[in-house]
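Remarks on the structure that follows.
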Amino acid sequence: MMRRVRVALCLLLLAGCPHAEGQQQEPPAVNAAPTEAAEESAHARRVEAATVRPSSARLELALPGEIEGSRDALLGAALGGYVERVLIDQGDEVRRGQVLARVDTASHGARLSQTRIEKEAAERERDRAHRLGDAIPSAQRDQAETRYAAAVAAHRSAQVAASRAVIRAPFDGIVADVGVEVGEVAPPGAPIVRLVQLDPVHVVATVPDRDVVALSEGLEVRVRTEAQPDSHAGRIVHINPAANLRTRSFTVEIEVANPERRLLPGMIANVQVATEAAGDELLVPQDFVVTRREGLGVFVLDGTAARWRPVELGRVVRNQVVIESGLAPGDRVVVTGHRDLLDGDPVLVAREGACCTNGRVVFER
């Protein structure tokens with residue numbers, strides 16, 4: 001009895017299926033194939049993006065430096081000789097043109113007198129030859145002219161030597177060192193007096209290549225020393241156009257007023273530089289820029305796709321760079337995952353923010 005019931009139930013179920021006879025039921029259409037949107041999502045790359053906007057970068061640097069006199073000279077006698085007089089002492093303040101020492105002026109004076117006499121004799125002989133005119137051979141007149149010219153040159157040479165035997169201050173300054181005593185014989189060119197100008201002074205600092213491009217002559221800075229609690233105002237007066245080949249750093253000179261002479265040569269100083277490196281410009285981290293065979297550029301979001309955009313770069317501010325052209329405020333730039341992209345690749349934005357604050361993206365989520 002139970003067996004007949006089960007057979008009847010099976011027949012009833014088969015009668016309700018339209019494909020019961022010799023046909024296999026097809027799977028539902030929903031499982032037939034993934035949709036186009038699902039396939040695109042499966043191949044999209046996960047990236048992070050940032051909307052670029054005009055910004056500025058405040059550059060703050062602390063540079064070690066050494067204080068030097070704005071002018072520092074080692075003075076000596078070009079030809080050397082007997083030191084006759086030393087007219088200054090260490091620490092004296094002198095004025096430009098003031099006589100500091102005399103070296104072998106007696107010998108140079110005697111030579112000067114000798115050449116003057118020879119010059120006067122040659123001049124008389126020349127004048128006599130001119131008065132005689134054609135009465136003497138032309139060769140004799142030429143000889144008189146030559147002798148006079150040689151005597152004039154010798155006298156001029158003696159004048160130069162005599163003037164250099166007297167050591168004078170080339171600028172206003174302080175005598176930092178006196179290297180000889182009266183009675184010594186100074187070698188030619190040996191330092192006799194060191195003269196330093198202390199107002200103003202110069203602070204010499206070294207700057208790495210990534211920071212030197214943000215500096216300019218005339219930029220205001222602050223200078224501090226460990227010997228004093230207060231700082232001093234200064235300005236950049238010179239930036240070496242070439243780097244030191246060993247350190248790959250650039251020398252920068254800062255001028256500081258020093259009327260009280262509290263800053264002395266040899267002191268170690270700390271130079272504080274603070275400047276707005278850019279303003280109202282598109283400034284992005286250099287890492288956002290991709291280098292390709294056709295040039296430099298970034299990837300910009302276009303809906304759900306990443307599009308390659310060539311850009312023109314401006315000046316560099318540490319790890320950031322100014323975009324001169326190729327981007328506009330409001331563009332959404334791919335900032336993470338961009339190095340693996342190709343033009344037109346579908347992307348899935350995981351996070352999005354704004355660029356940039358101090359060289360960093362501020363993410364919204």
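Arg222 and Ser231 make their closest contact through NH2-OG, 2.8 Å (heavy atoms, listed as atom of the first residue, atom of the second, distance). When all heavy atoms of Leu341 and Phe299 are compared, the pair lying nearest together is O-CZ, 3.4 Å. Taking both residues in full, the closest heavy atoms of Ala50 and Val361 are given as CB-CG1, 3.7 Å, listed atom of the first, atom of the second, then distance. The two residues Lys119 and Ala151 come nearest to each other via the heavy atoms CA-CB, 3.5 Å. What you find for Asp345 and Arg45 is that their closest heavy atoms are OD2-NE, 3.9 Å. Taking each heavy atom of Glu220 and Gly234 in turn, the nearest pair found is OE1-O, 3.2 Å.
Grouped by direct or indirect side-chain proximity (heavy atoms under 4.5 Å, Ile/Leu/Val/Met/Phe/Trp/Tyr only), Tyr148 sits with Val152. The other members of the hydrophobic cluster of Leu132, by chain and number, are Ile136 (side-chain heavy atoms under 4.5 Å, ILVMFWY only). Under the 4.5 angstrom side-chain criterion for Ile, Leu, Val, Met, Phe, Trp and Tyr, the cluster partners of Val175 are Leu75, Val83, Val86, Ile88, Val94, Leu100, Val103, Ile167, Phe171, Val178, Val180, Val182, Ile192, Val193, Leu195.
Around the CZ atom of Arg164, the shell of radius 6.0 Å holds no more than 12 heavy atoms that belong to other residues, nucleotides or ligands. For Glu294, the CD atom counts as densely surrounded, since its 6.0 Å shell holds more than 12 non-hydrogen atoms of other residues, nucleotides or ligands.
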Please step through side-chain contact (heavy atoms from CB on, under 4.5 Å) for the pair Ile239 and Leu215, ending with a clear verdict.
CA-CA 8 Å; Ile239 300 175; Leu215 305 181; 4.0 Å; yes

Given side-chain contact (heavy atoms from CB on, under 4.5 Å), test Arg147 with Gln143 step by step and report yes or no.
CA-CA 6 Å; Arg147 180 188 173 191; Gln143 184 179 5; 5.7 Å; no

Decide salt bridge (charged side-chain N to carboxylate O under 4.0 Å, His left out) for Arg102 and Glu84; before the verdict, give the C-alpha distance in whole Å, the side-chain angles of both, and the deciding distance to 0.1 Å.
CA-CA 6 Å; Arg102 296 181 182 274; Glu84 298 171 343; over 6 Å; no

List the steps, then state whether salt bridge (charged side-chain N to carboxylate O under 4.0 Å, His left out) holds for Arg96 with Asp172.
CA-CA 5 Å; Arg96 179 180 179 182; Asp172 298 346; over 6 Å; no

Verify side-chain contact (heavy atoms from CB on, under 4.5 Å) between Thr336 and Val47, making sure each step is shown before the conclusion.
CA-CA 5 Å; Thr336 301; Val47 299; 5.8 Å; no

May I have the step-by-step check of side-chain contact (heavy atoms from CB on, under 4.5 Å) for Ile67 and Asn258, ending in yes or no?
CA-CA 11 Å; Ile67 297 175; Asn258 189 34; over 6 Å; no

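Val237 and Val256 fall into different hydrophobic clusters, defined by Ile, Leu, Val, Met, Phe, Trp and Tyr side-chain heavy atoms under 4.5 Å apart, directly or through other members. In the hydrophobic clustering of this structure, Val204 does not group with Leu264; members are Ile, Leu, Val, Met, Phe, Trp, Tyr whose side-chain heavy atoms approach within less than 4.5 Å, directly or through other members. Neither Ile268 nor Val201 shares a network with the other; the hydrophobic side chains, linked directly or stepwise wherever heavy atoms of I, L, V, M, F, W or Y lie under 4.5 Å apart, form separate groups for each.
Formation of a donor-acceptor pair under 3.5 Å by the Arg332 side chain with backbone atoms of Val300 is not found in this model. Side chain of Thr146 to backbone of Asp142: a donor-acceptor contact under 3.5 angstrom is found. With hydrogens and angles ignored, the 3.5 Å screen pairs a side-chain donor or acceptor of Thr115 with a backbone N or O of Leu112. Checked by atom type and distance alone, the side chain of Thr51 never pairs as donor or acceptor with a backbone atom of Ala354 at under 3.5 Å. For Asp340 (side chain) and Gly337 (main-chain N/O), no donor-acceptor pair under 3.5 Å exists by modelled atom type. Side-chain N or O atoms of Asn244 include one that pairs as donor or acceptor with a backbone N or O of Thr247 at under 3.5 Å. No donor-acceptor pair closer than 3.5 Å links the side chain of Glu312 to the backbone N or O of Ile323. Between the side chain of Asp343 and the backbone N or O of Trp308 there is at least one donor-acceptor pair closer than 3.5 Å. The backbone N or O of Arg95 lies less than 3.5 Å from a partner atom in the side chain of Gln98, making a donor-acceptor pair. Arg309 places a side-chain N or O within donor-acceptor distance of the main-chain N or O of Gly326, the cut-off being under 3.5 Å.
Taken from CD1 in Ile174 to CG in Asp199, the straight-line distance is 10.0 Å, to the nearest 0.5 Å. A distance of 8.5 Å separates CZ in Arg168 from OG in Ser163, rounded to the nearest 0.5 Å. Between atom CZ of residue Arg141 and atom CZ of residue Arg128 there is a gap of 14.5 Å, rounded to the nearest 0.5 Å. Residue Gln320 holds its CD atom at 6.0 Å from SG of Cys356, rounded to the nearest 0.5 Å. The line from CZ of Arg116 to CD of Glu118 is 11.5 Å long, rounded to the nearest 0.5 Å. Residue His155 holds its NE2 atom at 8.0 Å from CD of Glu120, rounded to the nearest 0.5 Å.
No side-chain heavy atom of Pro188 sits less than 4.5 Å from a side-chain heavy atom of Leu79. Contact annotation: the side chain of Glu217 never approaches that of Leu219 to less than 4.5 Å [non-hydrogen atoms, C-beta and beyond]. Contact of the Leu313 side chain with the Leu296 side chain is registered, since non-hydrogen atoms from C-beta on lie closer than 4.5 Å. Under the 4.5 Å side-chain criterion, counting only non-hydrogen atoms from C-beta, Pro208 is in contact with Asp211. Two residues are said to be in side-chain contact when any heavy atoms from C-beta on lie closer than 4.5 Å; Pro200 and Pro259 fail this criterion. For the pair Leu283 and Val321, the minimum side-chain heavy-atom distance is 4.5 Å or more. No side-chain heavy atom of Tyr82 sits under 4.5 Å from any side-chain heavy atom of Thr105. For the pair Pro265 and Leu198, the minimum side-chain heavy-atom distance is below 4.5 Å.
Gln197 and His202 share no donor-acceptor pair across their side chains, judged by distance under 3.5 Å alone. A donor-acceptor contact under 3.5 angstrom links the side chains of Gln272 and Asn270, judged on distance only.
Using a cut-off of 4.0 Å between Lys/Arg side-chain N and Asp/Glu carboxylate O, Arg339 and Asp287 are scored as salt-bridged.
Evaluation of the side chain to side chain contact (heavy atoms under 4.5 Å, CB included) rule for Pro329 yields Pro54, Leu282 as partners, not counting sequence neighbours. For Asp72, the side-chain hydrogen bond (donor to acceptor under 3.5 Å, both in side chains) criterion is met by Arg194, not counting sequence neighbours.
Among residues at least two apart or in separate chains, salt bridge (charged side-chain N to carboxylate O under 4.0 Å, His left out) pairs with a member in residues 237-263 are Glu93-Arg261, Asp230-Arg262, Arg235-Glu255, Glu260-Arg262.
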